[in-house]
There are 2 protein chains.
Amino acid sequence: MSKQKLADGLPSRRSDCPIAAALDLVGDKWSLLLIRDIGLLDKHRNKDFQSASEAIPSNILADRLKRMTAYGLLEKRPYQDRPPRYEYHLTRQGRELLPVLRKLALWSEKNLAGVKIPRAAKAPTQDRDVD
Amino acid sequence: MSKQKLADGLPSRRSDCPIAAALDLVGDKWSLLLIRDIGLLDKHRNKDFQSASEAIPSNILADRLKRMTAYGLLEKRPYQDRPPRYEYHLTRQGRELLPVLRKLALWSEKNLAGVKIPRAAKAPTQDRDVD
DNA sequence: TCTGACACTTGTAAAACGCAAGTGACTTGG
DNA sequence: CCAAGTCACTTGCGTTTTACAAGTGTCAGA
């Protein structure tokens with residue numbers, strides 16, 4: 001799965017448009033939802049992601065974690081030795097996607113019927129999100 | 001193509017998360033690029049979209065235009081009678097996605113090597129984009 | 001030793017995508 | 001009037017990606 005160049009580095013870009021370039025990395029059905037889980041919902045481990053309300057398939061989950069780690073958006077960090085277990089955190093690059101997600105959430109709240117942003121959504125921590 | 005409920009109205013949402021809800025509408029490889037074409041690059045007609053640097057397949061293009069129109073993000077407006085021809089414009093809802101795109105573009109410029117936002121990108125017109 | 005938790009991996013079917021070619025309405029040049 | 005061209009799709013079909021279910025390996029704890 002994911003025939004795209006993973007081992008090496010980034011995927012080849014469709015164009016030099018910044019929007020297209022970003023979508024080449026996270027423009028699919030699940031990636032931004034994982035960024036949300038990690039950055040806004042404080043989920044970090046495989047089972048946490050599976051328990052999200054959207055039920056991502058486990059193979060897709062594994063693939064996306066692998067990909068986004070390769071892209072430099074996530075960092076895989078061990079939290080115990082035996083059995084070896086890892087949790088996923090946002091890199092600076094990944095963290096800086098959070099303002100985009102917030103914008104998107106605001107759009108939904110304003111434009112989609114019955115959508116409310118939960119107050120639970122963790123407020124910005126380190127990153128000043130003035131814009 | 002696009003077996004998803006189109007005729008009726010919106011697709012069923014994966015969850016009540018605002019981010020997931022938005023991605024249910026535009027969380028694919030092409031939709032946001034079309035929003036970009038229309039809202040930032042002033043493209044409005046089928047051939048304009050095909051001439052974009054990313055070469056979207058014509059059947060996918062037709063499907064996305066149809067879908068996003070059904071979702072209320074685009075408006076199909078006739079510009080001549082014979083032969084009947086239409087051009088696509090953003091609705092208010094669609095236009096309000098532009099700030100999201102700008103955020104994303106800023107992210108790319110800052111975080112992806114060699115990506116520059118072209119000055120050509122039309123500045124915000126009607127919509128005050130203070131945030 | 002047995003059971004369960006956890007983090008994946010594998011197999012296979014279903015869906016979406018991408019490419020090339022085709023269609024229909026109409027205009028324009030000859 | 002007719003042939004050729006433009007435009008906006010549509011169709012067929014092979015490829016790729018997704019999704020769902022089940023399986024695997026490692027290890028802790030009872």
Side-chain angles (χ1 to χ4, degrees), chain A residues 1-7 11-12 14-15 20 23-34 37-38 43-70 74-89, chain B residues 1-7 11-12 14-15 20 23-34 37-38 43-70 74-89:
Chain A
M1 202 161 243
S2 179
K3 195 81 59 45
Q4 305 163 59
K5 43 202 73 163
L6 254 173
S12 49
R14 274 181 286 183
S15 73
L23 292 178
D24 282 340
L25 301 185
V26 295
D28 71 282
K29 189 173 170 182
W30 295 107
S31 294
L32 287 177
L33 250 36
L34 291 174
D37 284 349
I38 301 176
K43 294 169 184 278
H44 297 278
R45 303 179 182 180
N46 199 299
K47 73 164 160 28
D48 298 330
F49 302 134
Q50 303 236 34
S51 74
S53 50
E54 292 92 4
I56 182 173
S58 62
N59 54 343
I60 303 293
L61 170 60
D63 179 71
R64 293 302 181 278
L65 291 173
K66 203 175 297 180
R67 274 179 42 172
M68 294 204 292
T69 301
L74 304 185
E75 174 199 356
K76 186 178 186 175
R77 161 192 316 174
Y79 67 88
Q80 72 175 33
D81 274 357
R82 310 190 17 268
R85 290 285 182 263
Y86 303 88
E87 52 187 20
Y88 296 86
H89 290 264
Chain B
M1 202 158 244
S2 179
K3 196 80 61 42
Q4 305 164 61
K5 42 202 76 163
L6 253 175
S12 49
R14 274 182 286 184
S15 74
L23 292 178
D24 283 339
L25 302 186
V26 296
D28 70 281
K29 189 173 171 182
W30 296 107
S31 294
L32 288 177
L33 250 36
L34 290 175
D37 283 349
I38 301 176
K43 295 170 184 278
H44 298 279
R45 304 178 181 180
N46 199 300
K47 72 165 162 22
D48 298 331
F49 303 134
Q50 303 235 36
S51 74
S53 51
E54 291 91 4
I56 182 172
S58 62
N59 54 343
I60 305 291
L61 169 60
D63 179 71
R64 292 303 181 279
L65 291 174
K66 203 175 296 180
R67 273 179 43 171
M68 294 203 292
T69 300
L74 302 185
E75 174 199 356
K76 187 179 187 175
R77 160 192 319 175
Y79 68 87
Q80 72 174 33
D81 274 356
R82 309 186 22 268
R85 289 288 184 262
Y86 303 88
E87 52 187 20
Y88 296 86
H89 290 264

Output a table of nitrogen or oxygen pairs between the protein and nucleotides 28-30 of chain C separated by less than 3.5 Å.
none

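- In this structure, A/Trp30 does not reach the D/dT18 phosphate: none of its side-chain N or O atoms is under 4.0 Å from OP1 or OP2.
- Atom CG in A/Leu61 sits roughly 14 Å away from atom P in D/dC20 (whole-Å rounding).
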What does nucleotides 2-11 of chain D look like as a protein-contact string, B for base, S for sugar-phosphate only, - for none, at under 4.0 angstrom between heavy atoms?
-> -----BSSBB
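- When rounded to the nearest whole Å, the span between CD of B/Gln80 and P of C/dT27 equals 8 Å.
- Partners of A/Asn46 by side-chain contact (heavy atoms from CB on, under 4.5 Å), not counting sequence neighbours, listed by chain and number: A/Gln50, A/Leu61.
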Quiz: residues 76-83 of chain B side-chain donor-acceptor pairs under 3.5 angstrom, not counting sequence neighbours:
from: B/Arg77; atom 1: NH1; to: B/His89; atom 2: NE2; distance (Å): 3.4
from: B/Arg77; atom 1: NH2; to: B/Glu75; atom 2: OE1; distance (Å): 3.2
from: B/Gln80; atom 1: NE2; to: B/Pro83; atom 2: O; distance (Å): 2.9

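- Residue whose closest nucleotide on DNA chain D sits further toward the 5' end, between A/Pro57 and A/Asp81: A/Pro57.
- Sorted by first and then second residue, the pairs that involve residues 45-59 of chain B and meet salt bridge (Lys or Arg N to Asp or Glu O under 4.0 Å), not counting sequence neighbours, are B/Arg36-B/Glu54, B/Arg45-B/Glu87.
- An angle of 0°, rounded to 10°, separates the two end axes of the helix from C/dT1-D/dA30 to C/dG30-D/dC1, each defined over five pairs.
- Not counting sequence neighbours, the partners of B/Asp28 by the side-chain hydrogen bond (donor to acceptor under 3.5 Å, both in side chains) test are B/Ser31, B/Arg64.
- Looking at residues two or more places apart in sequence or on another chain, you find a side-chain contact (heavy atoms from CB on, under 4.5 Å) between B/Pro57 and B/Trp30, B/Asn59, B/Ile60.
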Using nucleotides 28-30 of chain D, report all nitrogen or oxygen pairs with the protein that are shorter than 3.5 Å.
from: D/dA28; atom 1: OP1; to: A/Arg82; atom 2: O; distance (Å): 3.3

